[in-house]
Amino acid sequence: MIYVDSLRKDFGNIKVLKGITEKITKGEVVAIIGPSGSGKSTFLRCLNLLEQPTSGTITVDGEVITQKGFNVNALRQKMGMVFQHFNLFPHLTVTENILLAPIKLKKLTADEAEKIALNLLKRVGLTEKANSYPAQLSGGQKQRIAIARALAMSPKIMLFDEPTSALDPEMVGEVLDVMKGLAADGMTMVVVTHEMGFAREAADRVIFMDDGIIAEKGTPSQIFQNPQNPRTQSFLSKVL
Amino acid sequence: MNSLFIRVYEILVGGNRYKLLLSGLGVTLQVTVFSAFFGVVLGLLLAVMKLGDKSKGILRIPYIISSAYIDVIRGTPSVVQLLIIYHIVFGGIKNVPPVIIAIIAFAINSSAYVAEIFRGGILAVDIGQTEAGISLGLSKVQTMRYVVVPQALKNAFPALANEFIVLMKETAIVGYIALQDLTKAGDFIISRTYNAFIPLFTVALVYFVIIKFLTKLFNMFEGRLRKSDIR
C-alpha cells in the first residue's frame, strides 16, 4: 500500500531523515516509536507530503507521489491525518469541522452530509457535541472529533502524529479506544506515538527510529520483549 | 443660553443651511462606505500577495508588487494622493464625478493599511490550521478561503473597525477636490454666516455621534464573531 524508498529529508543543513526504506501493507497498523528528534514526525509528514522529501520516492497505491506534478490534494483525500494539537477549526462547530472537506470536495447533499456526520460522531461517541464549538470540548473530545474529521473523506490510510501527547493522562484512554476500534476495522494506520501500551497491544508492527534512520523493526513482542539494537534497548529502558 | 439657541437656529436653519450639512454628511458617508469596501477587497488581495512566495524568481513578483505598493501609499500623505489622482490621473478626463475620484483615492489609500491589518490577522492563525486543511485534501486556496481567512478576519476585526473610523475622518480632506462633504459644508456655512463656532462644533458633533454609533455597532458584531470562543 505504501512503499518508501531511500527517503531523505534535510532542513537546511540538518539531515533529519537519512535514508528510510519501508513497506506498509494494507490493513496494517504500524507504530513508530523513538526518542524526540529522531525524525518520526517528519517521516509521517512526508507520507502525505506535508513535508517535501529532499530525495527518495514514496509510492502509495501504486502511484509515485513524489514525482513532479502529482495531484497532492487527491492523495491527501485518501490519507487522513490526526495531529498532536488537534488543529480543529475553532470558528466552526463540530459538525462543520467534520463536513468541511466532504462538502467542498464531494458536493454532498445536505442529507448525505448529515448522515456522514452522525455516523462519525457515533463512532467516536460524541453525538451530543454535534453543535458545540471546539473551545467547549475537552482535549480528549477534541482529538476524537479530529479523528472523525479525518475519517470524513473515507480515507484508506490514517496517519497519527502523536495523537495523545497533548492530552491529560485521564483522556488518553478514550482516544486510544477510538484508534483501537479503527485498527480492528482493518484501517491501514501509521501511528507516531509515545504510548508503548498502544504500540504493544494494537500495532501489528513496531518501527523504532533513531537519528533519522529505522534502527529496528519487528512485531511488538520482538521489539518490546527482545530488542536487538542497543539503542532500542536503552530507549525502552527509559520509557517502560 | 436662550440667545445661543437663537444663534444656532439662525445659522443652521436659516437659509436652509442644515440641508448643506445633511447633503455633506451624505457625501462623507458615501465616500467612506464605498472606499472602505473596495479598500478591504483590495487590501485582502494585497495581504495574500505579500504573504506569498518571497524566495524564488518569478513567483516573487506578487510579493514585490504588493510590498512596493504598500510602501508608496503609506509613505505619502493622503491629501497628496487625492490631488494626484484628481489633477493628474483624471486630469485629462472630463466629467468624472469628484465623488468617484474620492472613492478611488481613498480605496487605494485605505487598502495599504488594510493589507497590513489582514497580513497580521492571517499570520496570527496557527500554521496547524493550514496543515489540517490541506491534510483533508482541500487545496491551498480552499484552505485559505474556508479555514484561514475567516479566523484572520476575526483576529483583524478590531483593527479593521479602527481603520474604518480613521478613514471616515480622513475623508474630511475631499474639500481639496471641490467635493462638498460634511467638513466642507461647515466651512461653507462659516463663510456665509461669519460664525465659526456653531458650524464647526456642529460638524464635530455629527462626526462624533456617528462614530460613537458605529463603535457600538462594531462591538455588537465583534461579540457575534466571538461566539465560537465561548466555553
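Each chain gets a letter, A, B and so on, in the order its sequence line appears, and its residues count up from 1. No hydrogens, no waters, no symmetry mates; every other heavy atom, side chains included, goes into these values. No experiment lies behind these values; they were computed from the predicted model shown.
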Calculate, to the nearest 0.5 Å, the distance between atoms CG and CD belonging to B:Leu136 and A:Gln77 respectively.
9.5 Å
Interatomic distance, A:Arg149 atom CZ to B:Ser135 atom OG [nearest 0.5 angstrom]:
6.5 Å
Close side-chain approach of B:Leu138 and A:Asn73, heavy atoms under 4.5 Å:
no
Flag the one option from A:Gln136, A:Met153, A:Lys104 with the top tally of heavy-atom pairs under 4.5 Å to chain B.
A:Lys104
Option that, when pairs with chain B are counted at under 4.5 Å, heavy atom only, ranks first among A:Leu159, A:Asn48, A:Leu100:
A:Leu100
Looking only at heavy atoms, which two atoms of A:Phe89 and B:Ala132 are closest? And how far apart?
CE2-CB, 3.9 Å
Quick one: which residues of residues 81-88 of chain A reach chain B at under 4.5 angstrom, heavy atoms only?
A:Met81, A:Phe83, A:Asn87, A:Leu88
Which members of residues 23-47 of chain A, sorted by number, sit under 4.5 angstrom from chain B on a heavy-atom basis?
A:Arg45
Please answer whether the main-chain N or O of B:Val148 pairs with a side-chain N or O of A:His91 as donor and acceptor at a distance below 3.5 Å.
no
If the condition is side chain to side chain donor-acceptor pair (under 3.5 Å), which residues does A:Lys129 pass it with, not counting sequence neighbours?
none
For A:Tyr133, does the six-membered ring have the charged nitrogen or CZ of B:Lys227 within the cation-pi criterion, i.e. under 6.0 angstrom from the centroid and within 45° of the normal?
no
Taking [atom1] in [X] as the centre, count heavy atoms belonging to other residues, nucleotides or ligands within less than 6.0 Å. Is the count above 12?
{"X": "A:Lys115", "atom1": "NZ", "value": "no"}
{"X": "B:Phe221", "atom1": "CZ", "value": "no"}
{"X": "B:Phe90", "atom1": "CZ", "value": "yes"}
{"X": "A:Lys106", "atom1": "NZ", "value": "yes"}
{"X": "B:Tyr176", "atom1": "OH", "value": "no"}
{"X": "B:Lys140", "atom1": "NZ", "value": "no"}
{"X": "B:Ile58", "atom1": "CD1", "value": "no"}
{"X": "A:Glu114", "atom1": "CD", "value": "no"}

Counting a contact as any heavy-atom pair under 4.5 Å apart, which residues of residues 36-51 of chain B contact chain A?
none
Taking side chain as everything from C-beta outward and backbone as N, CA, C, O, which of these in B:Gln129 sits under 4.5 Å from a heavy atom of chain A? Side chain, backbone, both or neither.
both
